[in-house]
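Atoms considered below: every heavy atom in the structure, side chains included; atoms not considered: hydrogens, waters and symmetry mates.
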Amino acid sequence: MINAGNVLGLNARNRLFLSSNKKEGRKIADSKLQTKRFLRRAGLPTPKILATFRTPSQINNFAWETLPDNFVLKPSKGFGGQGVLIIKKKAKWAGEWYLMDGSLIKIQDLKFHAQEILSGLFSLHSGGDVAFIEERIKIQKIFAKYVWHGAPDIRVIVFNKVPVAAMLRLPTRASKGRSNLHQGAIGVGVDLATGITTHGILNGHFIKFIPETKRKINGLKLPQWDKILTLSVRAQEAVPMLGYFGVDIVLDKERGPMILELNARPGLEIQNANLSPLKKRLERVEGLEVDDSERGVRIAKALFASRFADRVAVREGIKTISIWETVKLLIGKSKVEVKAKIDTGAWKTSIDRDLAEKLGILKSSNVLWTKIYRSSFGEEKRQVVNLTFFLAGRRIETIASIANRKNLRTPLIIGRRDLDGFLIKSGKI
């Protein structure tokens with residue numbers, strides 16, 4: 001269950017986080033065509049544009065019969081999937097195609113729809129709009145049994161150059177091939193560390209199986225996951241005027257991950273799909289100094305990995321440990337034995353600075369971020385690093401803070417964050 005106190009509501013989202021989006025950034029994100037220009041300028045992949053219509057005469061003079069077997073007609077400033085026509089395939093006669101639901105559409109219908117787009121019928125802020133035709137994505141084989149028709153996409157929420165949540169959106173019969181949740185698509189939570197699907201939600205209800213099938217929602221590993229996360233952060237680097245936004249990424253069969261669009265006001269249902277509130281995640285990365293996309297992805301994986309400890313405990317059984325244990329730190333391909341205190345009073349694992357330097361744990365590529373702690377004794381800088389160790393034979397990948405422990409009994413304490421599935425046996429010190 002989600003801790004209601006940490007759930008991000010609309011008011012809190014607007015007041016606390018959307019304020020990091022500058023007017024210019026919102027304007028870019030609200031226009032799919034402007035978004036594409038900025039992304040292409042940064043060398044980021046997006047689906048190809050086949051045609052653009054700014055005036056009625058351009059619509060009337062366009063050679064519609066030359067369009068390919070399938071394509072998508074979109075409004076540039078549309079929202080929530082409104083006004084999007086997905087063409088599935090050509091029909092028997094020239095100038096006719098089938099939509100995703102099997103209904104027939106002709107050139108005259110396409111022209112009329114494009115005129116409606118120009119009138120601003122589907123525009124986010126009303127007023128005139130631009131219509132464009134985009135290539136239709138060829139979905140990867142792994143998704144074929146998970147969607148009715150249409151292309152699934154991955155929504156990634158990015159804040160301060162760190163991916164904080166991700167969701168796979170699966171089109172259904174009800175959504176007519178669109179991946180928008182409010183139109184009937186399925187939202188599936190994704191573990192940021194592994195790219196493996198976790199929980200599913202459909203029309204506000206949790207589901208375990210794809211409708212009309214016996215295929216489980218969880219356990220699907222998304223291909224090219226690291227590239228997807230990196231691409232989402234690079235989108236923020238391309239449009240730095242956006243501090244908090246959603247990135248919609250599609251996986252093309254031949255070209256891999258491509259950015260579909262940016263959303264300056266991403267919905268909040270992603271919290272239910274992941275069974276994890278956004279507020280706390282956002283607060284954890286607010287103010288961190290993130291140099292580049294690689295570091296942003298590393299921070300996300302370290303902070304927001306789903307906890308599989310319960311499954312491990314079932315498979316391996318509850319392991320009993322003492323307050324004082326010898327653990328094996330994994331340094332490269334070597335294991336180094338270190339005395340550790342099991343400290344349930346501490347949340348995070350901590351390692352001595354001198355030992356960390358000696359073992360090479362403090363090299364810049366392994367440091368996630370640095371925080372300044374202030375007290376009556378002055379200021380102290382503490383780095384947070386990646387750390388892998390073995391405790392009672394169980395491998396634990398975690399993050400650890402660096403501290404001065406040279407006058408303490410052990411150079412390492414294991415906090416309760418890393419003690420799921422263990423039973424601590426009390427004993428004399």
Could you check whether any side-chain N or O of W97 sits under 3.5 Å from a backbone N or O of P68, counting only pairs where one atom can act as donor and the other as acceptor? yes
Say whether N218 and T197, considering side chains only, have a donor N or O and an acceptor N or O under 3.5 Å apart. no
E65 atom CD, neighbour heavy-atom count above 12 within 6.0 Å: yes
Flag this pair as yes if the NZ/CZ of R215 is under 6.0 angstrom from the six-membered ring centre of F209 and inside a 45 degree cone about the axis; otherwise no. no
Presence of salt bridge, R416 and D343, under 4.0 angstrom: no
Measuring only between side-chain heavy atoms, which start at C-beta, is L288 closer than 4.5 Å to F159? no
For the residue pair P171 and P152, what are the closest heavy atoms and their distance? CD-CA, 3.7 Å
Are R13 and F17 in a cation-pi contact, defined as NZ or CZ under 6.0 Å from the six-membered ring centre and within 45° of the axis? no
Answer yes or no: does atom NZ of K90 have more than 12 heavy-atom neighbours from other residues, nucleotides or ligands under 6.0 Å? yes
Exercise: identify the closest heavy-atom pair between Q224 and L251: OE1-CD2, 4.1 Å
Inter-residue atom distance I207.CD1 - H199.NE2, 0.5 Å rounding: 13.0 Å
So among I217, I154, L220, L222, which one has a side-chain contact (heavy atoms from CB on, under 4.5 Å) with V188? I217
When you measure from the side chain of Q236 to the backbone N and O of G243, does any donor-acceptor pair fall under 3.5 Å? yes
Working for salt bridge (charged side-chain N to carboxylate O under 4.0 Å, His left out), residues R265 and D30: CA-CA 9 Å; R265 307 163 195 82; D30 290 347; 2.8 Å; yes
Is any side-chain heavy atom of L262 less than 4.5 Å from a side-chain heavy atom of F38? no
Taking atom types as modelled, find out whether S179 and D153 have a side-chain donor-acceptor pair closer than 3.5 angstrom. yes
Does the ring centre of F53 sit less than 6.0 Å away from the ring centre of F62? yes
If I take atom CD1 from residue I186 and atom CG from residue L181, how far apart are they, to the nearest 0.5 angstrom? 9.0 Å
Nearest-0.5 Å distance that lies between atom CD in Q34 and atom NZ in K27: 6.0 Å
Report yes if some heavy atom in the side chain of V367 is under 4.5 Å from a heavy atom in the side chain of V384; otherwise report no. no
NZ/NE/NH1/NH2 to OD/OE distance under 4.0 Å, K36 and E134: yes
In Å and rounded to the nearest 0.5 Å, what is the CG to NZ distance from L73 to K111? 13.0 Å
Specify the closest pair of heavy atoms between S175 and A185, including all atoms of both residues, with the distance to one decimal. CB-N, 3.7 Å
What is the distance from atom CD1 of I157 to atom CG of L192, rounded to the nearest 0.5 Å? 10.5 Å
Test item: L362 and R353 side chains (from C-beta on) under 4.5 Å apart, heavy atoms: yes
Are R255 and E135 close enough, and set up right, to give a salt bridge (charged side-chain N to carboxylate O under 4.0 Å, His left out), and what steps lead you there? CA-CA 13 Å; R255 286 174 287 165; E135 66 171 327; 2.6 Å; yes
List the steps and the verdict of salt bridge (charged side-chain N to carboxylate O under 4.0 Å, His left out) for R395 and E397. CA-CA 7 Å; R395 179 180 172 128; E397 296 180 6; 3.1 Å; yes
Salt bridge (charged side-chain N to carboxylate O under 4.0 Å, His left out) between D291 and K161, intermediate numbers included: CA-CA 8 Å; D291 300 332; K161 292 187 182 178; over 6 Å; no
Out of curiosity, M167 CE to Q271 CD, how far, rounded to the nearest 0.5 Å? 10.5 Å
State, without any angle test, whether S76 and S31 hold a side-chain donor-acceptor pair at a distance under 3.5 Å. yes
With a 6.0 Å cut-off on ring centres, are F122 and H113 close enough? yes
Where do K88 and R136 come nearest, in terms of heavy atoms and distance? O-NH1, 3.1 Å
Residue pair L118 / P56: nearest heavy atoms and the distance that separates them: CD2-N, 3.7 Å
For atom NZ of K221, decide whether the heavy atoms of other residues, nucleotides or ligands shown that lie under 6.0 angstrom number more than 12. yes
Return the minimal non-hydrogen interatomic distance between L202 and P211, and the atom names on each side. CD2-CG, 3.7 Å
Any donor-acceptor N or O pair under 3.5 Å, side chains D191, T194: yes
Do V233 and P163 have side chains that get closer than 4.5 Å, going by heavy atoms? yes
Assess, by modelled atom type and distance only, whether the side chains of R281 and S276 contain a donor and an acceptor separated by less than 3.5 Å. yes
Taking it one step at a time, do T398 and R417 satisfy side chain to side chain donor-acceptor pair (under 3.5 Å)? CA-CA 9 Å; T398 189; R417 181 181 189 270; 2.9 Å; yes
Ion pair check, E254 and K138, cut-off under 4.0 Å: yes
Can you see whether H125 engages K77 through a side-chain donor-acceptor pair at a distance of less than 3.5 angstrom? no
Heavy-atom side-chain proximity of V72 to V84 below 4.5 angstrom: yes
Counting only heavy atoms not in K301 (residues, nucleotides, ligands), do more than 12 fall under 6.0 Å from its NZ? yes
Cationic tip of R394 above F422 ring, under 6.0 Å, 45° of axis: yes
Would you say the side chain of N386 lies within less than 4.5 Å of the side chain of I399, judging by non-hydrogen atoms? yes
